Amino acid sequence: MVSRSQPTRARSPEAKRAREAAILDAAARLATANGIRSVTLTDIAAEVGMHKSAMLRYFETREEIYLRLAAAGWEEWSRAVREQLADAAPATDDNHPAEAPSGPDQAPGRHAIAGLLAESLVARPLFCDLLAHTPMNLERNVSLDNVRSFKLTALAEFGAVSEELRRVAVLSPAQAGNVVATATAMAGALWQMAAPGTELRRLYESDPDLAHAVVDVAPRLTDILSALLLGYRAGGDAEVTVQEPSPTTELGRD
């Protein structure tokens, strides 16, 4: 009988994919519970019921495992937030954007879009953690092929979200890209500062002298994105792209 700690080697492509999925699921569970920083390759092997040496047949490093999860996180978040954006009322009349009103009455719509982006990220704690660790660690101890595969996935999903945001918020391609970049970068950074579920967080909350260190990610990120969107509205009307960009459009050009 095969014990849980000594599963048989996956020999068929289907069995190999199933084993890889089990490893990814185990890594995700551990990181969600304890944070990516604390999870080792040995921890993942134990969680999935394999020897560490056997798991190396599927993934060379822990960074490769979490980089794969980061790519999946981009795909899942992108699908979800694009659906939410598509259902949101446009900030202006999409059929006549140039005739849309400007001024303070635009703020609620843009604040709602900022909140939508912020809440969609905060609802995905593991993705927020991955966003912070990807440039610092996860792209380092892996092959260049793995980095390229991840980057292609992340850039494609980044572009898809930016395009939907551009349509809904009536922004230029460069402006929409800046908003998505700010949202994802700040979500990762603020999540680390917030340290949810950790001894640090409990210290911050229990000591009045450290009250300034308590970070509530969703409202903080919403305020940042609202300010950026309102600033673009106030000062960037001339840069807004009204027509659908062609494949030869120079993104980011004024």
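Just so you know, residue 1 is the first one in the sequence shown, and it goes up from there. If you're wondering where the values come from, they're calculated on a predicted model, not measured in any experiment.
- Within the 4.5 Å cutoff, side-chain heavy atoms of Ile36 are placed close to those of Leu126.
- In this structure the side chain of Glu157 never reaches within 4.5 angstrom of the side chain of Trp77, judged on heavy atoms.
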Requested in this report: Start with the C-alpha gap between Arg82 and Ser78, add the side-chain angles, then the distance that decides, and say whether side chain to side chain donor-acceptor pair (under 3.5 Å) holds.
Outcome: CA-CA 6 Å; Arg82 282 186 284 123; Ser78 172; 2.9 Å; yes
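- Within a 6.0 Å radius of CD in Gln84, other residues, nucleotides and ligands contribute more than 12 heavy atoms.
- Between Arg140 and Glu63 there is no salt bridge, since none of the side-chain N atoms of the basic residue sits less than 4.0 Å from a carboxylate O of the acidic one.
- Take Ser143 and apply the side chain to side chain contact (heavy atoms under 4.5 Å, CB included) test, not counting sequence neighbours, and it matches Asp145, Asn146.
- Here Arg79 does not pair with Glu83 in a salt bridge; the nearest charged N to carboxylate O distance is not below 4.0 Å.
- Applying the side-chain hydrogen bond (donor to acceptor under 3.5 Å, both in side chains) test to pairs two or more places apart or on separate chains, those with a residue in residues 217-231 are His111-Ser226.
- Distance CG/Leu138 to OG1/Thr134: 4.5 Å, rounded to 0.5 Å.
- Between Gln175 and Arg166 there is no side-chain heavy-atom pair separated by less than 4.5 Å.
- No side-chain donor-acceptor contact under 3.5 Å links Arg124 and Ser120.
- Thr40 has its side chain out of reach of Arg62: every pair of non-hydrogen atoms, C-beta onward, lies at least 4.5 Å apart.
- Side-chain contact between Trp191 and Leu121 is absent, with no heavy-atom pair separated by less than 4.5 Å.
- Counting heavy atoms from C-beta outward, Thr184 and Trp74 have side chains that approach closer than 4.5 Å.
- The closest side-chain heavy-atom distance from Leu190 to Val122 is not below 4.5 Å.
- A side-chain donor-acceptor contact under 3.5 Å links Asn178 and Tyr232.
- No side-chain heavy atom of Tyr66 sits less than 4.5 Å from a side-chain heavy atom of His133.
- Here the side chain of Glu163 pairs no donor or acceptor atom with the backbone of Gly159 at under 3.5 angstrom.
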